[in-house]
Engineer: 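The structure is given below, and queries will be raised subsequently.
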2 protein chains.
Amino acid sequence: MAKVTIYDIAREAGVGIGTVSRVLNNHTSVTPETRKRVKEVARRLNYQPHTYAQRLARRQSETISAIIPFFTNYFFIEVLQGVQDRISQLGYDLVLYGVNNVDQVETHLSRALQRGKVDGILFFSMKLPEKIVARLRDAKLPMVLVDTVSPDFDSISVANVEGAYAATTHLLELGHRSVGMVNAQLVSTPALERLQGYRHALESHGITYSEGLVKTGSSNKQDGFNREAGYEAMEEFIEMGPDMPRAFFVSSDIQAMGAIAALTESGLRVPEDVAIVGFDDIELARHMRLTTMRQPMYQMGVLAIERLVARMSNPEMEILHTTFSPTLIVRESCGALRSSEGMPSVKSKQR
Amino acid sequence: MAKVTIYDIAREAGVGIGTVSRVLNNHTSVTPETRKRVKEVARRLNYQPHTYAQRLARRQSETISAIIPFFTNYFFIEVLQGVQDRISQLGYDLVLYGVNNVDQVETHLSRALQRGKVDGILFFSMKLPEKIVARLRDAKLPMVLVDTVSPDFDSISVANVEGAYAATTHLLELGHRSVGMVNAQLVSTPALERLQGYRHALESHGITYSEGLVKTGSSNKQDGFNREAGYEAMEEFIEMGPDMPRAFFVSSDIQAMGAIAALTESGLRVPEDVAIVGFDDIELARHMRLTTMRQPMYQMGVLAIERLVARMSNPEMEILHTTFSPTLIVRESCGALRSSEGMPSVKSKQR
DNA sequence: CATGCCTTTGGAAGTGCTTCCACAAGATGC
DNA sequence: GCATCTTGTGGAAGCACTTCCAAAGGCATG
């Protein structure tokens, strides 16, 4: 049971260590008989290669690390599922670095950057610190960004502007003229982009954008993509009284949950009194019948790995930015699925 | 930028490689001056140790792997968060193996078992295959089980029997005499144990246990711990007509979501017409105002790592089984928080 | 039958570290 | 002043593999 090395196999099978290695790695030029004999001995001795000796000698690690913030966020989980599935098909190891605060980005990145430690990095959702960019570039470590973008690296992301545009347009087409937005903190790129999309949609429908109709809760964990922030923002809207918008685009489903709670507590019903469209399509959204913009999270994970592997095998490959378009999932929170209540645009939508 | 080894440092600093290694590892007996000089050179050359060379020479990997099923289940995510936080404090690497089907258990376990690959394993929620137990024991690889139990290994789990007992008792104390149970598949140990707890509670309150009042949906993904299964099971109950129980213990929150949906679609209101208590306290439960049994998931993760590290440093340590007691979180789905409607037991509970 | 080529093989060198052993030099004791 | 101990240090050996090079053997060709 102790440790069996290729030397033991070589001795036992009466061959050289080179031959053993060749057999074990399915290399060329070994006669079928020798191959068979070596394999048999290896099995009999219950040989296990020593991973780190291999990695040292081969000068590659067969591992990929993922640097992820906000671990418990459903979005990451779902993407990670895709990552994990694809990665284990390919036989790589996945090592996970969870980031809880900004300092950890550097700590973990440095750790991943240790010479030879990983073959590639998946970097999620955070802004890349400038000094890190430089280090990464000369470390020549393949890296792909997921849910964030930088000109220097491959990226997989979602068309936030477009998605927000579609969500807002949906609300406008249902006949609403006053559409508010519950947003997350603007330090987050997705939040910024979704705001842009919202604004574009308004303007291309001939409605003036008004800052007063965009609110952000003060709860700032997960950059404001949390339930409490949604709750707080909606409370502010409710304080506006009768002038408050009757339709809202909310920058994430989880915030929408909070917003709906605030609404309900004030006696306002969704969708009868207020229409809501979210963003993400987390599992919760299905249960709550929330209309939302779906991001193809699982596929993003799969693609991220494929892109990373491609880059690893060809470092000179041109940098590729892939953007997925979110799709509108119409459920009940926007009123589109209910009887039309004299809104012509609904009818035409239902065809 | 290329590779700097300890030989480069040794040459540059005019010392031997042994000394360099000693400095880098904070070993004893190096004069302060030498130490300082070596450190300086190392910094100047931007030295990075080669992880795998270290691991090979030290004969330990400083990595822990987690073997986890049903990745997208909220329970695991939350536990994993605890695991991840503690692990990165300790400076270990976390490598993740997601199991999607039974075969993968062996594949991944074998991979983790590769000689020297990991220092310890966290094994989640699944029954350990017998033949694996033997292999693990003579591989002498430290392993701790989370959310599952075996006499041969340390484990961290939740008192399912006790929890189910408390949940059911809560319902009984609210005055219900006929309490049904929506369960998951009995292949799952938690499901079995929760059934026991339910039964005990009934019997110690003088109520006869009846098989007809326990139903399991046919949807068997995640061993029946899924929304559809809860929906199906509740549909069956509803078919009973007026005889159906008006209170249910459901073996997981996610099933409770399905059950509530089935109820609502049949015009039955929760908690006015039917009382529900779940199990887990996933995030969704809070949003849905579901009364449930909370498992301390994050802490379980933290403890799992601590236990594992303890075992790694002392393999002879006695095997320890830690069981957390779930706590009852009373929200609105059981009717306990509403006006008492002439139920004396409620009053006494409210004190 | 000699020559050349291809296939198969053994094992040295290499991967970059840790650790152990031996030795030098200075400190201490008598 | 000599023996003994201590402290700091260099570098060989070891960790378990891959890979390269040279050599041996087999075969066909003219």
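So you know, we letter chains A, B, ... as the sequences are listed, proteins then strands, and number each from 1.
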Engineer: For the side chain of A/Arg135 and the backbone of A/Leu109, is there at least one donor-acceptor N/O pair under 3.5 Å apart?
Structural biologist: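 Looks like no, no N/O pair under 3.5 Å.
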Engineer: Without decimals, in angstroms, what is the distance between A/Leu24 CG and D/dA16 P?
Structural biologist: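 In whole Å, D/dA16 P lies 15 Å from A/Leu24 CG.
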Engineer: Let me spell it out: for each of A/Val15 and A/Tyr7, pick the nucleotide of DNA chain C with the closest heavy atom. Which residue's pick is nearer the 5' end?
Structural biologist: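 The residue whose closest nucleotide sits nearer the 5' end is A/Val15.
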Engineer: Would you mind checking if B/Arg55 and B/Asp93 are paired as a salt bridge, meaning a charged N to carboxylate O distance below 4.0 Å?
Structural biologist: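 Yes.
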Engineer: On the 0 to 90° scale, with breaks at 30° and 60°, tag the A/Tyr52-B/Tyr52 ring pair as parallel, tilted or perpendicular.
Structural biologist: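 If you compare the ring of A/Tyr52 with that of B/Tyr52, the planes turn out parallel.
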Engineer: In degrees, rounded to 10°, what is the bend between the two ends of the helix from C/dC1-D/dG30 to C/dC30-D/dG1, using five pairs at each?
Structural biologist: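 Comparing the axis at each end, I get an angle of 50°.
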Engineer: Rounded to whole angstrom units, what separation is found between the CD1 atom of A/Ile6 and the P atom of D/dT19?
Structural biologist: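 So the two atoms are 11 Å apart, to the nearest Å.
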Engineer: Where do B/Val118 and B/Leu141 land on the side chain to side chain contact (heavy atoms under 4.5 Å, CB included) test, with the steps shown first?
Structural biologist: CA-CA 8 Å; B/Val118 303; B/Leu141 231 196; 4.0 Å; yes
Engineer: Hey, does the side chain of A/Thr31 come within less than 4.0 Å of C/dT7's phosphate (OP1/OP2), counting only N and O?
Structural biologist: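 No, A/Thr31 has no side-chain N/O under 4.0 Å of OP1/OP2 on C/dT7.
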Engineer: Specify the separation, in whole Å, of atom CG of A/Leu45 and atom P of D/dA16.
Structural biologist: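 Distance, rounded to whole Å: 15 Å.
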Engineer: Expressed in angstrom and rounded to an integer, what is the separation of B/Arg37 atom CZ from D/dT9 atom C1'?
Structural biologist: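 Those two atoms, CZ and C1', are 12 Å apart.
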Engineer: To the nearest Å, give me how far apart NZ (A/Lys117) and C1' (C/dC17) are.
Structural biologist: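 Whole-Å distance recorded here is 15 Å.
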Engineer: Is B/Ser21 touching bases, backbone alone, or none of the nucleic acid, heavy atoms closer than 4.0 Å?
Structural biologist: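 Result for B/Ser21 = base.
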Engineer: It should be established whether A/His27 places a side-chain nitrogen or oxygen under 4.0 Å from OP1 or OP2 of nucleotide D/dT19.
Structural biologist: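 Checking D/dT19 against A/His27, a side-chain N or O does come within under 4.0 Å of OP1 or OP2.
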Engineer: Give the minimum heavy-atom separation between B/Val4 and A/Arg115, together with the two atoms involved.
Structural biologist: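 The pair with the smallest heavy-atom distance is O-NH2, 3.1 Å.
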Engineer: Do any side-chain nitrogens or oxygens of A/Thr19 fall under 4.0 Å of OP1 or OP2 in C/dG10?
Structural biologist: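 Yes.
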Engineer: Where do B/Gly116 and B/Ser61 come nearest, in terms of heavy atoms and distance?
Structural biologist: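 Minimum heavy-atom separation between B/Gly116 and B/Ser61: O-CB, 3.4 Å.
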Engineer: Nucleotides 20-26 of chain D: which of its N/O atoms have a protein N/O under 3.5 Å away?
Structural biologist:
{"residue": "D/dC20", "atom": "N4", "partner": "A/Arg22", "partner atom": "NH2", "Å": "3.1"}

Engineer: In residues 52-65 of chain A, which ones come under 4.0 Å of DNA chain D, going by heavy atoms?
Structural biologist: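 Residues of residues 52-65 of chain A that come under 4.0 Å of DNA chain D are, in numerical order, A/Ala53, A/Gln54, A/Ala57, A/Arg58.
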Engineer: To the nearest Å, give me how far apart CD1 (B/Ile17) and P (C/dC21) are.
Structural biologist: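 Atom-to-atom, B/Ile17 to C/dC21, this comes out as 16 Å.
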Engineer: Under a 3.5 Å distance rule, please check whether A/Ser155 uses its side chain to pair with a backbone N or O of A/Leu145 as donor and acceptor.
Structural biologist: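 Flag not set: sc A/Ser155 to bb A/Leu145 has no pair under 3.5 Å.
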Engineer: Closest heavy-atom contact between A/Gln54 and A/Pro49?
Structural biologist: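 Shortest heavy-atom contact: NE2-CB, 3.5 Å.
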Engineer: Return the value, rounded to whole Å, for the distance between atom NE2 of A/His50 and atom C1' of D/dG14.
Structural biologist: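 A/His50 atom NE2 is separated from D/dG14 atom C1' by 13 Å.
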Engineer: Report yes if a side-chain nitrogen or oxygen of B/Thr34 is closer than 4.0 Å to either non-bridging phosphate oxygen (OP1 or OP2) of D/dT9; otherwise report no.
Structural biologist: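 True: B/Thr34 side-chain N/O within range (under 4.0 Å) of D/dT9 OP1/OP2.
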Engineer: Quick one: does any side-chain atom of A/Arg311 pair with a main-chain N or O of A/Met317 as donor and acceptor, under 3.5 Å?
Structural biologist: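 Checked: pair present.
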Engineer: Tell me if the CD atom of A/Gln89 is crowded by more than 12 foreign heavy atoms within 6.0 Å.
Structural biologist: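 Correct, the count exceeds 12.
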Engineer: Under the 3.5 angstrom rule, does the side chain of B/Asp154 hit a backbone N or O of B/Leu320 as a donor-acceptor pair?
Structural biologist: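 Side chain of B/Asp154 to backbone of B/Leu320: a pair is present.
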Engineer: Measure CD1/B/Ile9 against C1'/C/dG16 and give the value in whole Å, please.
Structural biologist: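 Computing the B/Ile9:CD1 to C/dG16:C1' distance gives 11 Å.
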Engineer: Any idea which heavy atoms bring A/Met126 and A/Thr148 closest together, and the distance?
Structural biologist: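 Taking A/Met126 first and A/Thr148 second, the nearest heavy atoms are O-OG1, 3.3 Å.
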